[in-house]
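Here the structure is laid out as structure tokens; the discussion comes afterwards.
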Amino acid sequence: MSFIDSVMAGLSLVSSVEAFLALFVGICIGVVGGAIPGLSATMAVALTLPFTFSMQPITGILLLLGVYKGGIFGGSIPAILIKTPGTPASSATILDGFPLAEKGEAGRALGMALWASCTADLVSNLALIFFAGFLASFALQFGPPEFFALILFSLTIIAGVSGDSLLRGAIAALLGLLLATVGLDLVYGTNRFTFEDPNLMGGLNFIAVLIGLFALPEIIAMAWNPVAHLGQTRSLGKSKVTITDYKRSFKSIVRGSLIGVFLGSIPGIGAAPSAFLSYSEARRKSPNKDNFGNGEIEGVAASEAGNNGVAGATLIPLLALGIPGDVITAIIIGAFMVHGLQPGPMMFVLNVDIVYGLFIGLIVSSVFLFLVGSVAIKGFKFVADVPKRILMPAVLVLCIYGVFAVNNNIFDVGVMFAMGWVGYVMMRMRVPAAPFLIAFILGPLLEDNFRQAMLMSGSDPMILIRGPITWFFWTLTVIALVAITRTVVKGTVTAGN
Amino acid sequence: MKDSPIQESKIGENTLDEYENQTESVSASWLRLVGLALIMVLTMFALPRLGMVWTSMIVFIATALLFKTRHPIVAVVCAVIIPLLLYAFFAHVAGIAIPQGNFVRLP
Amino acid sequence: MKKLSVVIGVALATLASVAHAEYPERAVKMVIPYGAGGATDISARTIAEPLGNAVGKPLVMANVTGAGGATGSVSVQNAKADGYTMLFARVGSHSVNPAMKATLPYTLDDFRFVTVYEINPVACAVTPASGIKSMDDLIAKVKEGGVSYSSSGVGSLLHLAGAMVLKEFGIDNPLEAAVHIPQKGGGAAATAVLNGTATFLCTNSSAVAGFVANEQLVPLMVTTPEPVVGFDAPTANDLGKPALNQLVGWTGIAGPDGLPDDVAAKWGEWMAVATEDAKFNETMTSRGSVIQLMNPVDANEFIQTQYETFRQLVDDLGMRIEG
């Protein structure tokens, strides 16, 4: 079947009202679900899954993909407005999005988040359509040693999000690594720091830590001084994102999208590290370096491009290899299976119409996302105008519900509270939260892949430099370390003068 | 970070709500922190016993009072409505088993 | 305070007795101890619809994940035994884990099984690139050395399955002859074989059915006495290893230990109705499951036997995790 035939077959599949309607409804569900902290894109997809069983395969899958894409964008809305990431992927958006909201520019930040998301989404979808085969075979080259090198390099992001003090960033990262060790040992299955509590055996819940670390310190700070916010302009106002903003951030958006595509096509990394990597790269390259973390619109653009760039690309290992790259695609694969479709190389032969139908639907989804997102921003606008001393208790209650819902476990609410105090102390001591979070996400990945690599080689460290991919990331790591050292040394010299 | 004491007092000077600030002593701030910590501990105790909806209502009112809100009536109204709305959404739309407690169960 | 607790006690007692009288009078919370999209989750959500109709009250599904199913299991172990909190128990959480982990916060005695409704055959698979075409090839490779197998984590069915299969095929010390490379989750375990991190894996046939259909993986054996549709591989019995028939996955429903007899009996009736549902059967069978309904007595015996087989193996090989 020629390319044109395939496209026509795909078109005939999706050219029904239901397919597009499902996609549209999916995006609406996703944006709302993603905007509710704790509900997150993952759960929104899981909740929608049963409804797809009775639909046509293409319609059902488009519905789920809509929820996924909407959810990843939706997460940025509470991240910007109330400093609570709706979904883990949007935690990088907080770094500059929330300061912008505090300055009364929530509208601008949200607008940029939407534009960056849609652009990245489009890039990601195009990458899926044109390079799926290539990227998938590349992704299969990634064994534990390659992962180890990649994650080691990613840890250098910490320097990029540490703010003015690298030492404070390092302290935060150490704390994050420490807390990430709680749970079961990967190789021996023994308990680590669980203190005989079965609730700790599974480790600290990621979303509970995330929300505790970012949202609760704001609430605690309000108890310390309930009137600190008065006199600040915190309304959405007329602030809107402009073409100039978009143009200025365009490079970062493209870079972020590509980072997203790359990390998304490798199973097992996910959107949050991608957003942080994109953010720290944007900061490194930007002329407004110092403004990052204090409300730099480019920071929002980079983070959102980084996480939405992943959304289309995670479908690459899914469709081309049948491997789910993250939890969300693991759920989506269930929808394929229920309809008797087996994602993988054979699908491009046996069900080529479905594959191309999906491609067409995905392209349209970027447009739908833009439409739905614009409406959602207007709808959530009022949050910025709610008196803060009413808003904060509401956020607290929302967080309690949301964190419970993640794993149906009251213990997680306690984890969130405890992490809130940790976050508050860190805030008072000016220790940044982002390095903590990055270490908390990447630490276990680094450890697991290192130990898997050691098991593979019988403890021979040479396996860590076994091929070109590892060499590439080792080189990048060295370059990043040299650059960081130079900045620090320069900073010390300047301070000395 | 914007919460350094110097900045805070600066912002305070610029506000119109003169009766509310400036005279604030640091010990009152510490007391409120302890109060919030207490609310959180009690929340953990109450969640499995009272259920999430009723606990949330109390938490809402308690924190709003702790923050010395200027809109106490709005706060109480929100304190009742928001947990109920969240319950309706999480329990009935999202199908999540929100803890109900031992006393009054919601449909 | 004392007065209050008495009042609460009485209130609870009345509530409990009322509940007892007309069980079920409200929604039942069904804990799924594994994450969304996993085999247990899909199985549970597929039975939820016909089962909910049979129960007549809503079933609220609650995924409580963590520690290989332990977190969710503990939450049911500690729940009131009133039949309003039930657990979807799985081979990993309720026979492999108790057999392997000394520090597990629960034992089989803490639960009362009301049914086992699904059996999942286990299949062993390798990549075509490995050049391994049969179990004999694999065993020969193991004897040469350098063979590894992946699992979804320590104490998972996959972990035990790899060791058990090798042992049955005459490898005396499988822990040393082949390296176990644990991964995080079943998806990652299959990926590890696909990208060459590990040589083979033995897992639920449904988890690798897609890869087998796409010719990315080659099945070497299935552990059931009957062949599995879509798997062009001999059964354990064909290869003369009927002992491996014990090595199957299953999903069942359990309550806390003190579950009243009439509640257990009711679940037995409901399950008999629910598993008759045509759509449920079709969906599960197409995913490679065998629907096999057991009453409470049979279910307990089945699980005990499997547990003891596994426990024996774990003790023989010194696989028990004490720390």
Side-chain angles (χ1 to χ4, degrees), chain A residues 42-43 45-46 49-50 53 139-144 183-191 194 196-203 205 267-268 317 321-325 327-334 336-338 340 342-347 407-409 411 444 448 451-453 455-456 458, chain C residues 29 31 35-38 41-42 45-46 48-49 62-68 70-75 77-78 100-101 103-106 148 153-155 159 179-185 187-188 190-192 194-198 206 209-216 283 286-287 321-323:
Chain A
T42 313
M43 206 178 296
V45 173
L49 178 66
F53 292 164
L140 261 195
Q141 309 278 316
F142 266 74
L184 296 182
D185 182 278
L186 175 79
V187 175
Y188 299 112
T190 46
N191 294 338
T194 57
E196 310 274 307
D197 188 333
N199 284 308
L200 283 173
M201 281 174 66
N205 185 290
L321 303 169
I323 297 173
V327 190
I328 300 182
T329 38
I331 301 168
I332 294 179
I333 214 171
F336 280 91
M337 304 259 193
V338 165
Q342 310 273 20
M346 295 301 274
M347 202 167 138
N407 202 18
N408 294 289
N409 199 342
F411 180 81
D448 292 350
R451 297 178 69 184
Q452 283 162 357
L455 284 175
M456 283 171 77
Chain C
K29 177 175 161 185
V31 173
D41 184 66
I42 290 182
R45 286 177 195 272
T46 314
E49 208 194 324
N63 295 86
V64 183
T65 63
T71 311
S73 303
V74 167
S75 80
Q77 176 197 6
N78 295 335
M100 283 187 77
K101 289 189 181 172
T103 52
L104 205 68
Y106 59 88
S148 56
V154 172
H159 181 192
V179 181
H180 168 228
I181 303 183
Q183 305 284 329
K184 285 223 164 123
T191 309
L194 284 174
N195 69 19
T197 301
S206 60
F211 299 119
V212 170
N214 277 298
E215 294 171 11
Q216 290 160 291
T283 314
S286 73
R287 290 186 58 87
I321 301 153
E322 303 283 350

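Side chains are part of it too, since the values below use all heavy atoms of this structure and drop only hydrogens, waters and symmetry mates. Chain A is the first sequence line, chain B the second, and so forth, proteins listed ahead of strands; every chain is numbered from 1.
Put simply, CG on A/L49 and CD1 on A/I331 are 7.5 Å apart, with the number rounded to the nearest 0.5 Å. The CG atom of A/D448 sits 4.5 Å away from the CG atom of A/L186 when rounded to the nearest 0.5 Å. To the nearest 0.5 angstrom, A/Q452 atom CD is 4.0 Å from C/Q183 atom CD. Atom CD1 of A/I333 and atom CD1 of A/I323 lie 8.5 Å apart (nearest 0.5 Å). The OH atom of C/Y106 lies 12.0 Å from the CG atom of C/N78; values are rounded to the nearest 0.5 Å.
With a 4.5 angstrom heavy-atom cutoff, C/L194 touches chain A via backbone and side-chain atoms both. Using a 4.5 Å cut-off between heavy atoms, A/F142 contacts chain C through its backbone alone, with no side-chain atom that close. The contact between A/N409 and chain C is made entirely by side chain atoms (from C-beta outward), counting heavy-atom distances below 4.5 Å. At a 4.5 Å heavy-atom cutoff, the contact between C/P182 and chain A is made by backbone and side-chain atoms alike. Of the atoms belonging to A/P317, not a single heavy atom falls under 4.5 Å from chain C. Within the 4.5 angstrom heavy-atom criterion, atoms from both the backbone and the side chain of C/V64 approach chain A. Neither the backbone nor the side chain of A/M43 comes within less than 4.5 Å of any heavy atom in chain C. Contact of C/A188 with chain A is not made at all, since no heavy-atom distance falls under 4.5 Å. Contacts between A/A330 and chain C at a heavy-atom distance below 4.5 Å involve the backbone alone (N, CA, C, O). For chain C, the nearby part of A/L184 is the side chain; its heavy atoms alone come within less than 4.5 Å. For chain A, the nearby part of C/H180 is the backbone; its heavy atoms alone come within less than 4.5 Å. Heavy atoms closer than 4.5 Å to chain A are found nowhere in C/S286, neither backbone nor side chain. If you measure heavy-atom distances from A/N407 to chain C, the contacts under 4.5 Å come from both the backbone and the side chain. With a 4.5 angstrom heavy-atom cutoff, C/T197 touches chain A via backbone and side-chain atoms both. Interface remark: A/L321 contributes backbone and side-chain atoms alike to the contact with chain C (heavy atom separation under 4.5 Å). Neither the backbone nor the side chain of C/E49 comes within contact range of chain A; no heavy atom of the residue lies under 4.5 Å from a heavy atom of that chain.
Comparing A/P324, A/P144, A/A46 by how many heavy-atom pairs each has under 4.5 Å with chain C, the most go to A/P144. Note on C/K184, C/K101, C/R45: by heavy-atom pairs under 4.5 Å with chain A, the leading option is C/K184. Ranked by heavy-atom pairs under 4.5 Å with chain A, the list C/G35, C/A62, C/G72 is led by C/A62.
Heavy-atom minimum distance, C/F211 versus C/A190: CE1-CB, 3.7 Å. Across all their heavy atoms, C/P105 and C/Q77 have their closest contact at O-NE2, 3.4 Å. Residue A/M347 comes nearest to A/P343 through the heavy atom pair SD-CA, 3.5 Å, listed as atom of the first residue, atom of the second, then distance. Taking all atoms of both residues into account, the shortest heavy-atom contact from A/M201 to C/A70 is CE-CB, 4.2 Å. In this structure, A/Y188 and C/V154 approach most closely via the heavy-atom pair O-CG1, 3.8 Å.
With hydrogens and angles ignored, the 3.5 Å screen pairs no side-chain donor or acceptor of C/S148 with any backbone N or O of C/V179.
Using modelled atom types and a 3.5 Å distance limit, the side chains of C/N63 and C/D41 yield a donor-acceptor pair.
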